[in-house]
Number of protein chains: 2
Amino acid sequence: MPRLSEGNHLAVANPLPKDAASELDPSRCPVRDVLDHIGNKWTALILLTLQAQAQRFSELHRAIPDISKRMLTQSLRELERDGLIERRVYPTKPPSVEYRLSSLGESIMVPLLGLVEWAERHHADIRQARVYFDGARDSEPA
Amino acid sequence: MPRLSEGNHLAVANPLPKDAASELDPSRCPVRDVLDHIGNKWTALILLTLQAQAQRFSELHRAIPDISKRMLTQSLRELERDGLIERRVYPTKPPSVEYRLSSLGESIMVPLLGLVEWAERHHADIRQARVYFDGARDSEPA
DNA sequence: CCGCATCCGTAACGATACTG
DNA sequence: CAGTATCGTTACGGATGCGG
């Protein structure tokens, strides 16, 4: 099995020239960058929702009820900024805005759906492991 | 393209029996459950690191320098709890502990590496989209 | 060496109210 | 309808120090 770009995502061991970065630059690590985003609790859900078809703001809101407007807006902005979705404004009255996956956004669906599929397939295993772990925790000290 | 289990990950539209859950149960949604975990900023990195080979606590710490011991411990516990990694204690003196992927953990590497590969392949696109977006933002209001 | 506990700053997030 | 602004809370996460 290939190991990909050997230790690239691990924080650079070489301590950086001098004082260049008081903090190591995470934007230089594709893995962290992308993973942080899809882990942003909502972004993945939004992408998944948009994968079915383009949606308007309130449709998205209805599809994901437990997100606040604030977070929805913010997440959409991020996705748009990253070029994963496109935002189209129709100057109707009242105005309507439609969000859709860009081609880049579509391309991430492939690995993302892979993860989704894994999640659905192995969720039972995880839940089982959890109850075992939690059970063993307080029945062990016999 | 298959849409998987139609709208499962979206918060259940059916408003739950009565008062059952004041909050909708995210643990019943595999997608959210898994995505939240791998998005936990460190878990994915740890899995990626362990994929190469089993590692001891301090080896992991060296491999991912910018994680605190606290977070490393915590993340490892979570992963162990979910059955993705195994923890082996060697009663040497001083004691040494080794972490390795479980078979379940190995199985998640496939989709995870898919995402990693996507990230590496498209990171340039994302960065470019960002500068474009940010640039357009404050040059637009002409 | 491994890992837990405490303290504390920060940001993420939600709720609400208001604008075009 | 599609946001923005403000506020308050919560939790994440880092630093440090102790114990096995």
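Chain naming here is simple, since letters A, B, ... match the order of the sequence lines and numbering starts at 1 in each.
A/I64 places its CD1 atom 14 Å from the P atom of C/dC13, with the value rounded to the nearest Å. Atom CZ of A/F57 and atom C1' of C/dG20 are 15 Å apart (whole Å). Atom pair A/H37:NE2 and C/dA12:P shows a separation of 10 Å (rounding to whole Å applied). Regarding A/L72, its CG atom lies at a distance of 15 Å from the C1' atom of C/dA15, rounded to whole Å. Atom CD in A/E78 sits roughly 15 Å away from atom P in D/dG3 (whole-Å rounding). For the pair A/E59 CD and D/dA2 C1', the computed distance is 13 Å after rounding to whole Å. Atom CG in B/L76 sits roughly 16 Å away from atom P in C/dC1 (whole-Å rounding). As rounded to whole Å, 11 Å separates atom P of C/dC2 from atom CD of B/E98.
Contact check on B/R32 versus A/D66 returns a salt bridge, with a Lys/Arg side-chain nitrogen under 4.0 Å from an Asp/Glu carboxylate oxygen. The residues B/R81 and A/D134 are annotated as salt-bridged, a charged nitrogen and a carboxylate oxygen being separated by less than 4.0 angstrom.
Residue A/Y99 has a polar side-chain atom (N or O) positioned under 4.0 Å from OP1 or OP2 of D/dG3. Remark: A/S96 is not in phosphate contact with D/dA2, judged by side-chain N or O atoms under 4.0 Å from OP1 or OP2. OP1 or OP2 of D/dT4 lies within a sub-4.0 Å distance of a side-chain N or O belonging to A/R77.
Partners of B/R87 by salt bridge (charged side-chain N to carboxylate O under 4.0 Å, His left out), not counting sequence neighbours: none found. For the ring-ring contact (aromatic ring centres under 6.0 Å, His included) test, no residue two or more places apart in sequence or in another chain qualifies with B/H37.
Side-chain proximity of B/T73 to C/dG3, D/dC1, C/dC1: nearest is C/dG3. Side-chain proximity of B/R56 to D/dG3, C/dC2, C/dC4: nearest is C/dC2.
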| remark: Per-nucleotide protein contact along nucleotides 8-20 of chain D, 5' to 3', at a 4.0 Å heavy-atom cut-off (B base, S sugar-phosphate only, - neither), is -----BBB----B
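None of B/R130, B/H122, B/R127 except one satisfies the side chain to side chain donor-acceptor pair (under 3.5 Å) rule with A/D82; the exception is B/R130.
Counting heavy atoms from C-beta on, the side chains of A/R88 and A/R100 come closer than 4.5 Å.
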| request: Begin from the C-alpha positions of B/E59 and B/R56 and carry the test salt bridge (Lys or Arg N to Asp or Glu O under 4.0 Å) through to its verdict. | output: CA-CA 5 Å; B/E59 289 176 317; B/R56 301 182 43 183; 5.3 Å; no
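Nucleic acid contact for A/Y90: none, since no nucleic acid atom lies under 4.0 Å from a heavy atom of the residue.
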